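Below you'll find the structure, written out as structure tokens, and then a few comments.
Chain naming here is simple, since letters A, B, ... match the order of the sequence lines and numbering starts at 1 in each. Just so it is clear, the model here is predicted, and its values are computed rather than measured.
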2 protein chains.
Amino acid sequence: MQVTRQCEHCQHKLCAKRVPIFSAMSTEEINEITDLIIRKSYVKGEAIVTEGETIDRLVIINSGKAKGCKYSIDGKEQILYLYSDGDFFGERNLLTNLKASYSIVALETVHVCMILKADIRQLIKNHPEIGLKIMEELTMKLERLENTIEQMGTRTVEIRVIGALLEFADKFGREKEAGTMVALPLSREGIASYIGVTRETVSRSMNALDEEGLIQIIGNKKIYIENIGALRNRFSKT
Amino acid sequence: MQVTRQCEHCQHKLCAKRVPIFSAMSTEEINEITDLIIRKSYVKGEAIVTEGETIDRLVIINSGKAKGCKYSIDGKEQILYLYSDGDFFGERNLLTNLKASYSIVALETVHVCMILKADIRQLIKNHPEIGLKIMEELTMKLERLENTIEQMGTRTVEIRVIGALLEFADKFGREKEAGTMVALPLSREGIASYIGVTRETVSRSMNALDEEGLIQIIGNKKIYIENIGALRNRFSKT
DNA sequence: CGAATATTTGATAGCCATCAATTATTGTGG
DNA sequence: CCACAATAATTGATGGCTATCAAATATTCG
């Protein structure tokens with residue numbers, strides 16, 4: 001009889017199974033992976049990876065959220081990625097020995113599962129489809145960055161704010177009777193450094209959207225979107 | 001005796017050999033690839049790929065330059081990539097059936113070599129290292145886009161202009177006795193849509209750099225950089 | 001050389017960054 | 001559970017940068 005091993009820090013689920021790149025694998029194969037997993041936790045504000053350091057493992061977020069960000073010489077932060085359950089990073093360094101080109105910082109308590117580079121390489125050798133899955137993920141990341149650049153280069157601030165809110169709604173929104181409740185993963189300042197503007201501008205822009213009735217701001221950490229279609233419409237037609 | 005087959009449109013060189021992803025292969029293996037190649041040419045302004053269409057092949061630039069760009073609803077262009085000899089695209093669609101998310105347009109006469117998706121997949125199956133090479137290329141593209149986003153989000157226009165000029169110098173510059181002559185791959189307008197500003201702003205910014213003595217503008221299509229170190233210095237310390 | 005195209009230059013307006021001060025929210029300890 | 005301190009967000013005022021528009025000039029290429 002087949003036994004699925006469990007990862008205690010992962011709410012008794014097989015964390016590897018939740019990762020897209022391992023999703024196509026059999027339970028037996030997943031067990032093989034689970035044995036290789038190293039677990040670790042980080043508190044809010046803690047750096048999981050620091051720009052410039054060598055990273056020798058694939059890191060899978062099991063719970064919590066984290067940001068991937070760069071800092072310019074004068075201290076300005078640019079958030080490039082948002083990570084949550086099932087997301088992973090470090091895949092770039094599986095092949096190369098490049099140093100991390102940005103930092104990963106926990107936005108709240110984060111539990112991760114890690115697999116060492118050497119183990120992952122062996123895994124890819126044994127299961128070539130993992131390599132293809134990773135390639136697919138890289139491709140998706142590329143496409144998101146391409147869209148971000150287009151937005152930063154050609155769209156108004158309002159549209160970029162809406163874009164960020166829609167992304168949050170897709171990732172972290174919960175459908176309610178008559179709308180979507182969204183737990184914002186970032187503060188106003190965070191949203192600002194995600195879309196490349198200032199905190200104050202995000203604030204003003206979100207308030208304008210609220211006054212227009214497109215969103216409802218609830219405290220600092222939530223918004224309620226009654227008609228997400230209207231918001232999407234504004235995003236794609238402006 | 002081993003014969004290396006020649007690709008007539010490729011100035012009698014083996015174009016596949018010039019592509020990073022095939023660079024590690026033996027002559028025999030390259031011959032295998034060369035047989036699969038389809039050749040085609042495009043004139044300036046012609047679309048090699050149009051956003052939204054299905055792309056079923058890997059396209060390798062053999063000579064000439066091309067831009068990869070998106071267009072917003074109101075017609076604004078955002079240039080994402082610059083392609084020249086040895087660059088390739090279409091790799092994203094090797095695995096997926098996604099439609100092209102941006103267009104590729106010839107900036108001058110372009111000769112390309114193409115390999116059909118099915119052939120490439122077979123090749124990857126036979127030579128797994130090609131897959132790894134593609135992954136490496138994807139990784140490099142990611143890193144460039146990440147840097148672009150950071151620049152767009154946190155740097156001044158002048159720095160972004162310098163960044164573009166330095167990139168052109170690295171790719172298209174020729175070392176002279178006392179400096180670097182750079183053939184600009186893009187017009188002022190092109191540079192503008194590469195860094196997300198207007199033509200006029202690029203013009204003013206480049207003229208300011210000229211007046212400062214950091215570059216010398218030679219007509220519309222060339223610049224001369226006497227002290228590229230000074231330019232790099234300005235880029236990285238501001 | 002001359003027409004077509006591209007770039008430069010100037011003037012103006014608007015958007016957004018910045019600075020400063022106020023107000024709101026959050027989370028903690030009593 | 002409330003109050004309060006710390007943190008975060010808002011709001012207002014101002015200035016600077018860059019988009020926009022318009023016109024003049026320069027460059028390129030046939």
salt_bridge(Lys171(A), Asp85(A)) N-O dist < 4.0 Å:
no
Tell me, with the steps shown, if Ile48(A) and Phe89(A) meet side chain to side chain contact (heavy atoms under 4.5 Å, CB included).
CA-CA 11 Å; Ile48(A) 304 173; Phe89(A) 49 83; 3.9 Å; yes
Tell me, please, the opening and closing nucleotides of DNA chain C, 5' to 3', among those with an atom under 4.0 angstrom from a non-hydrogen atom of chain B.
dT7(C) to dA11(C)
Hey, mind stepping through Lys65(B) and Val110(B) against side chain to side chain contact (heavy atoms under 4.5 Å, CB included) and telling me if it holds?
CA-CA 6 Å; Lys65(B) 299 187 187 72; Val110(B) 167; 5.7 Å; no
Could you check which residues of residues 201-215 of chain B get a heavy atom under 4.0 Å from DNA chain C? Sort them by number, please.
Ser203(B), Arg204(B), Asn207(B)
Could you tell me whether Ser187(A) contacts a base, only the sugar-phosphate backbone, or nothing, with contacts defined as non-hydrogen atoms closer than 4.0 Å?
sugar-phosphate
Are any of the side-chain nitrogens in Arg92(A) or Glu136(B) under 4.0 Å away from the carboxylate oxygens of its partner?
no
So Arg160(A) and Ile162(A), side chain to side chain contact (heavy atoms under 4.5 Å, CB included) or not? Walk me through it.
CA-CA 5 Å; Arg160(A) 286 190 269 159; Ile162(A) 293 177; over 6 Å; no
Earlier contact from the 5' end, DNA chain C, for Gly196(A) and Lys222(A):
Gly196(A)
Could you check if a side-chain atom of Leu166(A) sits within less than 4.5 angstrom of a side-chain atom of Ile228(A), using non-hydrogen atoms only?
yes
Salt bridge flag under 4.0 Å for residues Asp74(A) and Arg155(B):
no
Side-chain donor/acceptor pairs under 3.5 Å, residues 175-190 of chain A, sequence neighbours excluded:
| residue | atom | partner | partner atom | Å |
| --- | --- | --- | --- | --- |
| Ser187(A) | OG | Glu189(A) | N | 3.4 |
| Ser187(A) | OG | Gly190(A) | N | 3.0 |
| Arg188(A) | NH1 | Asn220(A) | O | 3.2 |

Mind checking the OG1-CG spacing from Thr54(A) to Leu98(A)? Nearest 0.5 Å is all I need.
9.5 Å
In plain terms, say whether Glu158(A) and Arg234(A) are close enough for a salt bridge, that is, a side-chain N and a carboxylate O under 4.0 Å apart.
yes
Can you sort out the partners of Tyr81(B) under ring-ring contact (aromatic ring centres under 6.0 Å, His included), two or more places apart, ordered by chain and number?
Tyr83(B), Tyr102(B)
Touch check for Glu189(B), heavy atoms < 4.0 angstrom, all strands: base, sugar-phosphate only, or nothing?
sugar-phosphate
Terminal contacting nucleotides, 5' and 3', DNA chain D versus chain A (heavy atom, 4.0 Å):
dA9(D) to dA13(D)
How about Lys70(A) and Asn147(B): does a side-chain donor come under 3.5 Å of a side-chain acceptor?
yes
Contact summary for Ser84(B) and Ile61(B), nearest pair of heavy atoms:
O-CB, 3.6 Å
How large an angle, rounded to 10°, do the end axes of the helix from dC1(C)-dG30(D) to dG30(C)-dC1(D) enclose when each is built from five base pairs?
50°
Which comes earlier along DNA chain D counting from the 5' end, the contact point of Lys44(A) or that of Thr156(B), where each point is its nearest nucleotide?
Lys44(A)
